[in-house]
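Have a look at the structure below, then the notes.
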There are 2 protein chains.
Amino acid sequence: MPTVSTREKIIEKADTLFYEGGFEATSFADIAAAVGISRGNFYHHFKAKDEILDAVIARRMDRTRMMLDTWQAEGAQPRDRILSFIHLLITNRTRIMAFGCPVGTLCSELAKLEHGAQHRAAQIMGLFRDWLTGQFRALGMDQQAEARAMHLLTWSQGVAVMSSAFRDETFIEREVAAITQWLDDIIDDQTRHEGRICS
Amino acid sequence: MPTVSTREKIIEKADTLFYEGGFEATSFADIAAAVGISRGNFYHHFKAKDEILDAVIARRMDRTRMMLDTWQAEGAQPRDRILSFIHLLITNRTRIMAFGCPVGTLCSELAKLEHGAQHRAAQIMGLFRDWLTGQFRALGMDQQAEARAMHLLTWSQGVAVMSSAFRDETFIEREVAAITQWLDDIIDDQTRHEGRICS
DNA sequence: GTCTATATGCAGATAGAC
DNA sequence: GTCTATCTGCATATAGAC
């Protein structure tokens with residue numbers, strides 16, 4: 001029977017605490033208290049704080065891949081799949097306003113700490129970039145697919161930063177509407193362009 | 001003779017260290033070493049770490065106001081002034097790639113720390129928002145002035161996060177070109193709109 | 001695998017000499 | 001106004017009993 005191991009519980013709690021309080025500001029004691037184990041027991045599972053960070057990043061990579069796979073399977077059209085990504089801003093708006101984007105803020109923090117795991121954290125962002133690039137490519141935007149994926153990611157990261165700075169929920173809603181409008185505009189352009197080539 | 005006081009030196013060094021290493025990760029010892037004074041002397045000037053943060057935020061507010069005033073005086077047209085803002089991304093690209101945006105990353109960090117100074121840090125962002133709103137208003141975009149200021153700020157914050165995550169200098173250059181294009185497009189739209197009303 | 005007890009170091013902060 | 005010496009607490013990390 002695969003009950004949740006202590007190791008997995010540690011990773012799960014550390015993931016949440018790193019997101020909500022930051023990596024540097026989260027202590028072993030915080031994680032141990034959240035899991036309900038002693039500090040000493042901690043070192044049976046992880047030799048150093050950096051090892052937990054590695055495990056948390058690996059967990060986030062796995063969960064991101066699973067989420068992207070779900071969106072891929074559930075979305076009938078590339079547009080629907082891209083909308084799944086955009087609507088993360090709505091679904092997670094309360095947490096985003098309080099703590100920002102989990103990926104963006106981790107990358108920013110590790111950059112300042114000059115932490116070795118910085119590159120691995122950026123790979124989570126890379127998963128989104130590559131998946132979104134695939135969606136725009138499926139829409140026939142071969143040349144501009146990656147640039148548009150990067151634009152959408154950039155816009156989302158900006159919304160996360162600004163909404164947490166100003167604590168404005170309506171801002172997120174307005175921006176999501178604007179992003180959706182942008183998406184439909186470039187899809188319209190693409191459709192017209194293909195029509196012109198065919199005729 | 002107004003030589004730079006020790007207090008001012010502390011604020012200046014703390015400003016840099018908070019930006020490059022983060023507020024939480026920067027210790028009194030770090031600042032004292034950078035200034036060249038002992039830790040004990042520190043407390044003659046600041047009673048607590050939070051007081052230094054307050055002073056750093058106040059300094060950043062002052063310097064931001066001065067910068068905006070300079071842009072206001074030097075730019076002949078609102079478009080030129082907005083371009084001054086956009087080109088911050090180019091001027092500071094090396095530091096932005098390494099440490100992100102000083103304002104955005106401070107807001108993000110203080111949000112996670114649930115720090116009381118969070119609101120004051122967001123006021124720096126507010127200075128940019130209000131100034132940019134004034135520029136768009138001067139372009140005749142009364143209704144949409146603030147939304148466009150927020151869009152420009154959001155985009156810039158996104159570029160800062162993404163360029164530091166991927167460490168890509170060419171990305172900043174491409175985005176600045178795209179932002180400039182966006183600016184000229186909405187100015188064109190505005191000009192045509194005014195023409196239509198007058199004719 | 002989990003615990004208690006503990007080592008070591010550095011953080012923020014204070015007292016008091018010069 | 002600057003220093004040295006010191007306090008207290010919490011951080012990461014280890015040792016070893018159960």
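The chains referred to below are lettered A, B, ... by the order of the sequence lines, with proteins before strands, and numbering in each begins at 1.
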- Message: Expressed as a whole number of angstroms, how long is the span from Phe46(A):CZ to dG1(C):C1'?
- Response: 14 Å
- Please report the C-alpha distance between Asp188(B) and Thr191(B) in whole Å, then the side-chain angles of each, then the deciding distance to 0.1 Å, and finally whether the side chain to side chain donor-acceptor pair (under 3.5 Å) criterion is met. CA-CA 5 Å; Asp188(B) 270 10; Thr191(B) 310; 5.1 Å; no
- Quick note, Ile37(A) side chain, CB onward, closest among dG12(C), dT12(D), dC3(C) is dC3(C)
- Side chain of His45(A) (C-beta onward), nearest among dT2(D), dT12(D), dT2(C): dT2(C)
- Give the rounded distance in Å between these two atoms: NZ of Lys49(A) and P of dC10(D). 16 Å
- Task: Taking only the side-chain nitrogens and oxygens of Ser27(A), find out if one of them lies under 4.0 Å from OP1 or OP2 of dA11(D).
- Result: yes
- Item | Any Ser38(B) side-chain nitrogen or oxygen under 4.0 Å from OP1 or OP2 of dT2(D) | no
- Side chain of His44(B) - closest among dT2(D), dT2(C), dC3(D): dT2(D)
- Take the protein atom CZ of Phe42(A) and the nucleotide atom C1' of dA13(D), then report the distance between them rounded to whole Å. 12 Å
- Item | Distance, rounded to the nearest Å, where Tyr43(B) contributes OH and dG1(D) contributes C1' | 17 Å
- Message: Any carboxylate oxygen within less than 4.0 angstrom of a Lys/Arg side-chain nitrogen, looking at Arg59(A) and Asp62(A)?
- Response: no
- Could you state the CD-P distance from Glu51(B) to dG12(C), rounded to the nearest angstrom? 14 Å
- Single hit among Val35(A), Ile31(A), Thr6(A) for side chain to side chain contact (heavy atoms under 4.5 Å, CB included) with Phe42(A): Ile31(A)
- Rounded to whole angstroms, how far apart are CZ on Arg7(A) and C1' on dT2(C)? 17 Å
- Query: Any side-chain N or O of Asn41(B) under 4.0 Å from OP1/OP2 of dG1(D)?
  - Reply: no
- Query: Considering only dT12(D), dT2(C), dA13(C), which nucleotide approaches the side chain of Phe28(A) most closely?
  - Reply: dT12(D)
- Task: Check whether any side-chain nitrogen or oxygen of Thr6(A) sits under 4.0 Å from OP1 or OP2 of dT2(C), and answer yes or no.
- Result: yes
- Item | Aromatic contact, Phe28(A) with Phe46(A) (centres under 6.0 Å) | no
- Do the charged groups of Arg79(A) and Asp184(A) touch, with an N to O distance under 4.0 Å? yes
